[in-house]
Structure formats: C-alpha cells, structure tokens
Amino acid sequence: MATIAEYIWVDGTHPTALVRSKTKIMPETLEAPDLSDFPLWAFDGSSTNQAPGGDSDRILKPVCMVADPVRGKGAWLVMCEVFEPDGTTAHKSNKRAVLREVMAKAAAQEPWIAFEQEYTFFDGSKPLGFPAERRYPAPQGPYYCGVGADEVYGREVVEEHMKVCLEAGIHLTGINAEVMPGQWEFQCGGPGVDPLTASDHLWLARWLLYRVGEDYGISATLDPKPVPGDWNGAGMHTNYSTAPMRTTGGRGVIEAACEALGTRREEHLAVYGWGNEGRLTGAHETCSYKDFKYGIADRTASIRIPRMVAEVGYGYLEDRRPAANADPYDVCTVLLKTTLGLW
Ligand code: MG
C-alpha cells in the first residue's frame, strides 16, 4: 500500500478564489504521518492565475492535514499555502500567510472563530428544488429547518458531507436547511478553535462539499445572491471572541470592538465577498452594506450581540456581513486587525 495525499490550495482567481487540488502518491505506507512527512510540491501556477506561463512553477507547502474519508485508510487531505519558486516568499494570493503574521501578534488574546457557511445546491443551471425554466417554487417560509420531500432538497448530499467531515476530524458543530429551497448551512470552528485552524477546516469542508457533490451530480455554489428577487442570499456569519470578551466585563470589550468595527466599514466590506452588495440590501435579515449598526439579538444589524451574551455580561459577537464566498483567512485577518488595533 502507498500513502495517498490530496494537496489542496486556494488559487489566484479574481474576484473570488477557487479551491484546487491534486493527488500525490508516496510509495511508502505511513501509519501515523505528520505534516513533516509531506514534502513541498510544485504545480503549474499559469493554470490557476498564480503565475505567468513563462515562469509557471509555484510551490505548495503543507500546513494542515486531516484524514481523507473519501479514499479511506492510508489517504490524507493536506491543506497547503502557495509560495513563490524560492519556497520562502508567500505568493500574493496566499492570504493564510497574512493571517499567520497577524496571529503572531494576536495569539495572546486567544481568539476563537466559528463560521456559519451557507451554500446553495445547483442541478445544472437552476437551484436544486426549483422547477423547470423560468418558474419558481412556493415563496420562502417553510424551507428553513424544514423536513419532507416537498420542502428540502439535497439532504442525502448534506448527510454524506457531514459524515465525511466528522470522519476527517474537521471541527463541524452543526448543519441546517436554509431559508431558500436548495440552500443549506454548516457550522465550522467553535469554542477553542483558533482563526487559522477554523479557516483551514472551512476550506477543507468546502473541498469535501464539492467532492461529495460530484458523486451525486450536484454542484454547490457560494454565490452570495444565487437567485435575484425575494429569495435569501447566502452568507458566512462569523462568530468571534477573545479571552477578554469571554470573561467578566467582556460585554464592555465586545461593545468597544463593535465601535472599532464601525470605523473600518470599507476595509471589511472589501474582503467580505464579491457580489455581497446584492445580498446586504437591508432586507432578508441583513443590514445594508451602506450602513453600520450593532445591537442585541438584532438580525437586521451588521454585528449582533447575542441576547444571552448581553445577559450574562460576556461571550462573543457575530459579524453578519461576510458573504458565503468570502475567504475565511481574509475575514479573520480584518476582524483581528480592527478589534485589536493592529492596522
Ligand atoms: Mg444561516
């Protein structure tokens, strides 16, 4: 038996980066490998918007690994950062490297992150569960957390995705059907999960979602507004706390963080996902991208402070603005920089 490693990385596509992967087969069988067992590996950056054709080799450096439940025993999923040919200079598309540097300054604050990743299944050119061309299902209302073949679509893929994420050891904390038919959510990260790990696991979970979808002939999109009109968009609400927010007096720290976030609206929206203006309209449980407000238990705010947090006096905040297609490394970077004064 060999060892099979799927090297996974984020590419340089604009305006929304794509996730890519290729398979490395190592002849030896590694029973309990660690990251150092997986070598640097080159790829063709000219095919991923990461290099010109005349000088196309770019370098993959393994940074996070989990078991590969799709291939099973002896197989691993290996998240990588992209470097220039010298192997030490981070490629400009490598947003994880930026977050690493910010985390070096922020780690003492013990930040935790949990993402709520929404997504929409597509069957060909229409959302799963939508009837044939130019027709629409019954209006929104029964679909969120619904049950029954007339209300939810794609559960078999969702269940399989949950199963492989858990087998891989990804920090998954829940799933639910969303407001629009064919729309779902999974939650990734949570208490004790630092921003780098939460983001690595989110990219791995996205990769697994696409990979599982292949077996069902169903694609998943992270488009923030996959259907125009009176249909919910897809977001990536980001729950965030630091140690001072989680202890007595934390509510004051959370409110100070909200005030700081209000002064950096532009910097945040710039990395919260392409096409997010179509989603942050002020309707459908959002605050307009043109405004900023925070509030307790307020789902029309940019930042929500959960009711329970306000009552006990400490906890976390929820930034409701990131779109489903935002890069989690970017989102964590600006949250840390703004709330910890690291710009
Ligand atoms: Mg949701």
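Note that ligands are numbered from 1 as they come in the structure, with each ligand's atoms numbered from 1 the same way.
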- Item | Minimum side-chain heavy-atom gap T48-T13 below 4.5 Å | no
- Hey, is there an N, O or S on E118 sitting under 2.8 Å from the Mg ion (ligand 1)? yes
- Query: Are K22 and W41 in a cation-pi contact, defined as NZ or CZ under 6.0 Å from the six-membered ring centre and within 45° of the axis?
  - Reply: yes
- Taking the six-membered ring for Trp, are the ring centroids of Y153 and W184 within less than 6.0 Å of each other? no
- Message: Can you tell me which N/O/S atom of E178 has the shortest distance to the Mg ion (ligand 1)?
- Response: OE2
- Give the atom name of whichever N/O/S atom in E185 sits closest to the Mg ion (ligand 1). OE1
- Query: Side chains of E259 and Y294: is there a donor and an acceptor less than 3.5 Å apart?
  - Reply: yes
